[in-house]
Amino acid sequence: MSEVTPASIPTAAPKKMEDIVALCRRRGFIFQSSEIYGGINGFWDYGPLGTSLKRNLKNAWWSDVVERELIGPDGTAIDIVGLDSSIIMNPKTWVASGHVGGFNDPMVDCRESKSRYRADHLVVLGAMEAGARLYAYIENDDEQKAQAAKSLAKYEKRDTLDPARHVLRAFPTITAEERARTVGPNAKEVGTLTEARQFNLMFETNCGAIRDENSLAYLRPETAQGIFTNFWNVCDSTRVRVPFGIAQIGKAFRNEVTPRNFTFRSREFEQMEIEFFIRPESANEWYKWWRDWRFAWWQKIGLAGENLILREHNRDELAHYAKVGAGTSDIEYRFPFTAPGYGELEGIAHRADFDLKAHATHCGKGDKMRYFDQEKNERYFPHVIEPSAGADRGTLALLCEAYTADPTRASGVFMKFNPRMAPVKAGVFPLVNKDGLPEIAERLFRDLRKQHAVEFDEKQSIGKRYARMDEAGTPFCITIDHDGATSGTATVRHRDTQAQERVALDQIPQFVAERVG
RNA sequence: GCGGGUGUAGCUCAGUGGUAGAGUGUCACCUUGCCAAGGUGAAUGUCGAGGGUUCGAAUCCCUUCACCCGCUCCA
């Protein structure tokens, strides 16, 4: 839907996150976790409607990725099998993946420049004597180094530094008192650097009744490693051959520094990940194919507008495992809280053979773990294309996209879900609660319920029932009226237009089935 | 992590030291002839939490938690 809005016509007011959050709570899409105790930062619960919405999203993904036929770039159907690996794994997994080494670094914040630095990357320059100013800069940053030296010389009112007096020390080795008289990089005041703090991005737990260093375990920060560690099991137990994929939906946990923006950055979240194993030389072709197919998929389930974009990463923002390779791209959605920018829904990355090699090395078997290609009679570590999507972020995007203010209707707002995603597919109502109408409506309801998530409502005025269904995002409301009771028909009210059409009762199951995917 | 804002009924909010309120929604009954109609009635509160000041605190002070906004961060 591309719309060129003439200046004379007021554009729709931007959606406010606050309103969406309020509707989610009011209608039972999403609640704060442990709300009666004041909540807990970074955790959310899904209510009845939200659970259905998220489940519809996950089911659509699973169905389209694993179950239904998927035609690959060469025109033949591709193989993807499912997996459900455990959340807690042998901690060596996270050493091999790089999560233990890479994310345990103490960090330092600067209150003045609002920057955050790795403590072991900072060095301080200055005289040893008490009370003297020290200047910190990032190691190997020549520009900052020169600036620090210049500032120090100016402070000490001299032209050049005295190598005997002015020493260089690693930031983690200085005392709190010294830190208090240190000027941070790009800062002017002293004492704006915080002490080095450990950011443990992985949740730790203990496995077994005895709690000691041997019992340390982690809640997985991504589902991917369960796939990689099972790669050999799947190959041995399934008749898959490269190229093929392993798909998994599951919870992951990250002790985010700043959980924010409703469910967007939660500490507990659900991922929908595919690791697609390929011959290294076909990486480019598969990478592009997955990127484009995944983008089209999000469009298909309702994010069809200009709020969805595909963004190729720049080289300098690539993850450690993707420095070489075909590339990384994000499928991003313009959330109300990121606008005019975008937030990531799914990343498609060429992870090369980083993970399989890392596990092969760390488990001690090395090259013996290489995949054997019967056809070509060669051994190699397959490369991986990883489309990794966030189920909670996807659900949030569906909610934001669906939220449509409409001051002309009673609810003031309706949720314009794609029918395949809608938690409730149809509402079935008797126009009035008498004259035999409820009985007819209930028969229809029970009939539809054999196949669809539908709701029956006989209470209160018809307008209120339509309004409630608008907020739940129900695409169709089927009402049995007096005319219909005699002619064997019902009116079907369309959520988006509020238009009605008359449909024969015996046609309604088909009518609904054709429209809800 | 920094700064700003908010927190009182399911929701939106009023209430600035003296009996916790309104609108709306919810529920029940009546009514009903297609978009939150009308009538009658009912239920609903750790005033975010903890501490302090006070004869008395939703209100003043301190601490803390949570959410929203702007930075920061985001393997």
Side-chain angles (χ1 to χ4, degrees), chain A residues 16-28 31-44 47 94 97-105 107-117 192-195 197 199 201-202 221-222 224-225 252 254-262 264-265 267 317-322 328 330 336-337 343-344 347 349 351 354 388 406 408-414 429-435 437 458-471 477-485 490-495 498-500 502:
Chain A
K16 287 208 314 231
M17 206 53 216
E18 220 178 316
D19 297 334
I20 295 171
V21 172
L23 179 132
C24 283
R25 149 130 199 84
R26 188 166 71 240
R27 288 297 159 192
F31 306 121
Q32 223 183 333
S33 168
S34 20
E35 187 187 326
I36 62 167
Y37 292 109
I40 176 166
N41 195 347
F43 298 89
W44 300 90
W94 309 111
S97 71
H99 287 82
V100 169
F103 309 108
N104 276 333
D105 303 309
M107 304 296 281
V108 176
D109 285 314
C110 176
R111 280 186 278 264
E112 183 184 336
S113 70
K114 309 293 183 193
S115 302
R116 175 168 292 158
Y117 311 99
T192 61
L193 291 175
T194 64
E195 66 180 320
R197 281 173 299 213
F199 285 83
L201 262 24
M202 279 197 290
E222 62 177 23
Q225 298 306 324
R254 293 180 194 176
N255 215 343
E256 295 288 355
V257 177
T258 315
R260 200 54 92 78
N261 293 326
F262 203 28
F264 184 79
R265 179 163 295 114
R267 287 176 165 147
E317 57 180 325
L318 292 183
H320 58 92
Y321 51 74
T328 298
D330 283 347
F337 50 80
E344 181 185 351
R351 288 177 78 129
F354 176 89
S388 170
D406 180 358
T408 69
R409 62 175 80 191
S411 55
V413 59
F414 67 106
F429 316 137
L431 181 59
V432 291
N433 200 14
K434 61 177 185 184
D435 304 334
L437 269 43
E458 58 191 343
K459 298 293 168 67
Q460 302 187 314
S461 73
I462 192 71
K464 284 192 186 186
R465 287 177 270 167
Y466 285 152
R468 266 198 293 268
M469 285 293 120
D470 276 349
E471 283 200 338
C477 287
I478 301 158
T479 302
I480 308 294
D481 61 359
H482 291 86
D483 287 351
T491 60
V492 178
R493 182 252 197 196
H494 293 255
R495 174 196 63 200
Q498 299 175 275
Q500 287 179 304
R502 193 165 282 281

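Every chain is numbered from 1, with letters handed out A, B, ... down the list of sequences.
One distance of note links CD of A/Q498 with SG of A/C477; it measures 10.5 Å at 0.5 Å rounding.
Pairing for B/G70 goes to B/C2, judged as Watson-Crick or G-U wobble with the two contacts each under 3.5 Å. In this structure, B/G41 and B/C27 make a Watson-Crick or G-U wobble pair, each of the two defining distances being under 3.5 angstrom. Pairing for B/G18 is with B/C55, a Watson-Crick or G-U wobble pair whose two hydrogen-bonding atom distances lie under 3.5 Å. The pairing partner recorded for B/G7 is B/C65, the criterion being a Watson-Crick or G-U wobble arrangement whose two distances lie under 3.5 angstrom.
Exactly one of A/L437, A/V492, A/I462 qualifies for a side chain to side chain contact (heavy atoms under 4.5 Å, CB included) with A/T479. That residue is A/I462.
Listed candidates were B/A66, B/A36, B/A75. Nearest to the side chain of A/Q32 is B/A66. Of the candidates B/A75, B/C34, B/A28, B/C34 carries the atom nearest the A/L431 side chain, counting heavy atoms from C-beta on. Picking from B/A36, B/C34, B/C69 the nucleotide with the shortest atom distance to the side chain of A/M17 gives B/C69. When each of B/C11, B/C34, B/A36 is scored by its nearest atom to the side-chain atoms of A/T491, the top-ranked nucleotide is B/C34. Distance from the side chain of A/E18 is smallest to B/C68 among B/C68, B/C35, B/A66. Comparing B/A75, B/C73, B/A36 against the side chain of A/H99 picks out B/A75 as the nearest. The nucleotide whose nearest atom lies closest to any side-chain atom of A/R260 is, among B/C35, B/C68, B/G10, B/C68. Of the candidates B/C69, B/U32, B/A36, the closest approach to any side-chain atom of A/F337 belongs to B/C69. Of the candidates B/A36, B/U72, B/A75, the closest approach to any side-chain atom of A/R468 belongs to B/A36.
Rounding to whole angstrom units, OH of residue A/Y466 and P of B/A36 are separated by 11 Å. What separates CZ of A/R409 from P of B/C35 is a distance of 13 Å, to the nearest Å. Counting to the nearest Å, the P atom of B/C11 and the CG atom of A/L23 are 12 Å from each other. Computed from coordinates, the A/F414 CZ to B/A36 C1' distance equals 16 Å when rounded to whole Å. Computed from coordinates, the A/E344 CD to B/C73 C1' distance equals 14 Å when rounded to whole Å. The distance between atom CZ of A/F262 and atom P of B/U6, rounded to the nearest whole Å, is 21 Å. Atom pair A/E35:CD and B/G7:C1' shows a separation of 12 Å (rounding to whole Å applied). To the nearest angstrom, P of B/U32 lies 12 Å from CG of A/N433.
The separation of B/C60 from B/G18, taken at their C1' atoms, amounts to 15 Å, rounded to a whole angstrom. When the P atom is compared between B/C47 and B/U19, the two are found 16 Å apart, to the nearest whole Å. Rounded to whole Å, the separation between the P atoms of B/G45 and B/C11 comes to 13 Å. Between B/A36 and B/U46, the distance separating the two C1' atoms is 32 Å to the nearest Å. For the C1' atoms, the distance from B/U40 to B/G4 is 48 Å, rounded to whole Å. Look at the P atom in both B/A49 and B/U54: the space between them is 23 Å, to the nearest Å. Comparing B/C68 with B/C61, their P atoms are spaced 26 Å from each other, to the whole Å. Going from the P atom of B/A58 to that of B/U16 covers 13 Å, rounded to whole Å.
Looking at heavy-atom distances under 4.0 Å, A/E458 makes no contact with the nucleic acid at all. Residue A/Y37 is classed as having no contact, given no heavy-atom separation below 4.0 Å to the nucleic acid. In this structure, A/N41 reaches the sugar-phosphate backbone alone: every heavy-atom distance under 4.0 Å involves primed, P, OP1 or OP2 atoms, never a base. Residue contacts shown for A/Q460 are limited to sugar-phosphate atoms, with no base heavy atom under 4.0 Å away. A/D470 comes within 4.0 angstrom of no nucleic acid atom, judged by non-hydrogen atoms across all strands. Within 4.0 Å of A/R465, counting heavy atoms only, lies no atom of the nucleic acid at all. Within the nucleic acid shown, A/R502 has no heavy atom closer than 4.0 Å to any nucleic acid atom. Using a 4.0 Å heavy-atom distance criterion, A/F429 is classed as making no nucleic acid contact. Using a 4.0 Å heavy-atom cutoff across all strands shown, A/G42 reaches sugar-phosphate atoms only and no base atom. Counting non-hydrogen atoms under 4.0 angstrom, A/Q500 reaches a base of the nucleic acid.
For A/R465 (side chain) and A/L431 (main-chain N/O), a donor-acceptor pair under 3.5 Å exists by modelled atom type. Under a 3.5 Å cut-off, the side chain of A/R254 and the backbone N or O of A/P221 do form a donor-acceptor pair. Between the side chain of A/R27 and the backbone N or O of A/R468, no donor-acceptor pair lies under 3.5 Å.
A donor N or O paired with an acceptor N or O is not found under 3.5 Å between the base of B/C34 and the side-chain atoms of A/R493.
Both cation-pi conditions hold for A/R493 and A/Y466: the charged atom is under 6.0 angstrom from the six-membered ring centre and inside a 45 degree cone around its axis.
Side-chain N/O atoms of A/T258 include none lying less than 4.0 angstrom from OP1 or OP2 on B/C73. Between B/U26 and A/K459, no contact under 4.0 Å exists linking OP1 or OP2 to a side-chain N or O. Considering only side-chain N and O atoms, A/N261 lies under 4.0 angstrom from the phosphate OP1 or OP2 of B/C69. A close approach under 4.0 Å does occur between a side-chain nitrogen or oxygen of A/K434 and OP1 or OP2 of B/U32. The side chain of A/K464 places an N or O atom within less than 4.0 Å of a non-bridging phosphate oxygen (OP1 or OP2) of B/U26.
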**OP:** For A/F337 and A/R260, run side chain to side chain contact (heavy atoms under 4.5 Å, CB included): C-alpha distance rounded to whole Å, both residues' side-chain angles, the deciding distance at 0.1 Å, then the answer.
**Re:** CA-CA 10 Å; A/F337 50 80; A/R260 200 54 92 78; over 6 Å; no
Original post:
Between A/F414 and A/E471, is a side chain to side chain contact (heavy atoms under 4.5 Å, CB included) present by the stated rule, with each step listed?
Top reply: CA-CA 5 Å; A/F414 67 106; A/E471 283 200 338; over 6 Å; no
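Shown here for A/W94 and A/E222, the closest heavy-atom pair between the two residues is CH2-O, 3.6 Å.
Nearest-nucleotide mapping onto RNA chain B: of A/V21 and A/D481, the residue sitting toward the 5' end is A/D481. Mapped onto RNA chain B by nearest heavy atom, A/E471 and A/A22 fall at different nucleotides, with A/A22 at the one closer to the 5' end.
Looking only at side-chain heavy atoms (C-beta outward), A/L201 and A/H99 stay at 4.5 Å or farther from each other.
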